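One structure is given below, encoded as structure tokens.
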Amino acid sequence: MIWDLHNHINGLPGSTPDEHMENLLRFADRMGIERICVFMGYPFINEPTPEQLRTQNDQVLQALAHWSHRAFGFVYLSPQHLEFSLKEFDRCVRNGPMVGVKLWVAKRASAPELDPIVEAAASMNAVIFQHTWHKTTGNLRGESEPADVATLAGRHPGVPIICGHSGGEWETGIRAIRHLPDVYADVAGGDPTNGFVEMAVRELGAHRVLYGSDSPGRSYASQLAKVMGADISEADRKLILGENLKRMMMPILRRKGIRV
Amino acid sequence: MIDVNVSLGPWPFRRFPGDTPSDLVARLRRRGVTQAWAGSFEGVFHRDTSAANARLAKACETAGSGFLLPFGSVNPAAPGWREDLRRCHETHHMPGIRLHPNYHGYKLSDAAFADLLREARDRKLIVQVALNMEDERSHHPLMRIPALDPAPLPEAVAAASGVKLVVLNRMRAPAGEALEGLARAGVHFDLAMIEGAGCAGSLMSIITSRRLLFGSHAPFQYFEAAVLKLKESAITGKDEENILSGNARRLLGAE
Ligand SMILES: [Zn+2]
């Protein structure tokens, strides 16, 4: 069972969310991926306005309308627009079909504006996904480091939070979140550098490691290879490829009556 | 299956699972590889490339005679590179060489690069040019390697017409017309660092399966990525045969 934590409806040919989904799933099908999590629409906007957030979430809602048997939606929020984001959470998650929250690069995860968003998500058991990168070339102004996620998680013990990309430069990223048992490592979206998943399993335990691809910007192939090619047990591989994500999502799926 | 892009270790900044020659050979054989073209990480970082190349030749012989084919490093920005080229060819009997322009500090528009292409061509050596080794966002902060501009490549290839050139670790560039032109001029590309859903099929639709080579960049990268890219793009039949071994055999002059 493969569930892919990290997908976008931006980057392949297509003029509607439906066409994007169709093109994406054509490749996912070949790789045996059952379910994909989808967030953000098109184009990618680093610091979206409330109107832009709403448009992008509408695109994901449109994608879910026909593909809810294959896809889960996460609502794209921005701590730059906190009041709006809380309302958008209600529209898309509390009262809508989405099951998670995506936070990208508008503001660092250590900022206090994140707290009400995390509290809202936790009240619904919604999955919280925060992009992080630790770039030698320099981060964007509002782009989180894994250390920012660690700071945020320290204020919300017991709430699962996903450290997107494990910081990209994962050797630093994994160390930054190691001491926080509720912080999960997403392996998506970097080169398939050998040893990544082995280190994550060694330092965090396989139950805290999640497969995702960041497709279509990344190839399902290169990202699956991190898990398929790792020197880990078959039981750990299954956890990472889908069982961990399923376990994490079951409370909100049950709450919403979504059967898997 | 011929993997045209492996390296013997160690990498200076981390160990990789399977980065000793014997372990690498065992892992590649288990996955169905019958021959691998091996450069060396020493050849990327050491200034005494003559010694690195001699060790590479010996390691290939010891760990995988007939299985690992050594591709020595030559740095045309360093004095004495012609002697390195000569030794790769005449002393170590290597089928080709591997270049690392951004790690060795030269541009593809430099005259020495053009000279090297011509001299390698005259010796009928395969020339592999690695455009990248690692995402620049992840470089060690004390050793940031500048990105390589691939734009001068078509002109350099035209000036060394007939050279057997293989581009390794292409990320996004070259693209568009430059990419098509290079493929028409006989330049080959490997699968290792291309990205995006369906990337192998997309690249193949531009350069044709006759110009695509199976390269994994192991042990730096997980070997499985290259295999799964063919599956993701549903590449089968004659195209798959070209990529997995036919093209590499033709470059070696074996058919
Ligand atoms: Zn992403």
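Chain identifiers are assigned alphabetically (A, B, ...) following the order of the sequence lines, protein sequences preceding nucleic acid strands; residue numbering begins at 1 within each chain. Remember, it's a predicted structure, so these values are computed and weren't measured experimentally.
Highest contact tally toward chain A, considering only B:Gly198, B:Ser202, B:Cys199, B:Pro141, is held by B:Gly198 [criterion: heavy-atom pairs under 4.5 Å]. Per-residue counts of heavy-atom pairs under 4.5 Å with chain B were compared for A:Glu171, A:Glu169, A:Gln223; the largest is that of A:Glu171. In terms of heavy-atom pairs under 4.5 angstrom with chain A, the leader among B:Glu136, B:Arg137, B:Arg31, B:Glu134 is B:Arg137. Of the listed residues A:Ser219, A:Gly229, A:Gly167, A:Gly168, the one with more heavy-atom pairs under 4.5 angstrom with chain B than any other is A:Ser219. Listed options A:Lys226, A:His134, A:Arg26 were ranked by heavy-atom pairs under 4.5 angstrom with chain B; first place goes to A:Lys226.
The side-chain hydrogen bond (donor to acceptor under 3.5 Å, both in side chains) test with A:Ser222 singles out one residue from B:Lys229, B:Glu232, B:Glu195, B:Glu224, and that residue is B:Glu195.
Closest heavy-atom contact between A:Met228 and B:Leu228: CG-CD1, 4.3 Å.
We find the CE-OG1 distance between B:Met143 and A:Thr136 to be 12.0 Å, quoted to the nearest 0.5 Å. In this structure, CG in B:Leu230 is found 11.5 Å from CZ in A:Arg30, a value given to the nearest 0.5 Å. Summarising the geometry, atom CE belonging to B:Met193 is positioned 4.0 Å from atom CG belonging to A:Asp191; distances are rounded to the nearest 0.5 Å. A distance of 6.5 Å separates CZ of B:Arg144 from OG1 of A:Thr137, quoted to the nearest 0.5 Å.
A:Thr193 touches chain B through backbone and side chain together, each having a heavy atom under 4.5 Å away. When heavy atoms are compared at a cutoff of 4.5 Å, B:Phe220 approaches chain A by way of both its backbone and its side chain. Using a 4.5 Å cut-off between heavy atoms, A:Leu12 touches chain B through its side chain atoms alone. Looking at A:Ala28, neither its backbone nor its side chain comes within 4.5 Å of chain B, counting heavy atoms on both sides.
In this structure, A:Tyr220 contributes its side chain and B:Gly196 its backbone to no donor-acceptor pair below 3.5 Å.
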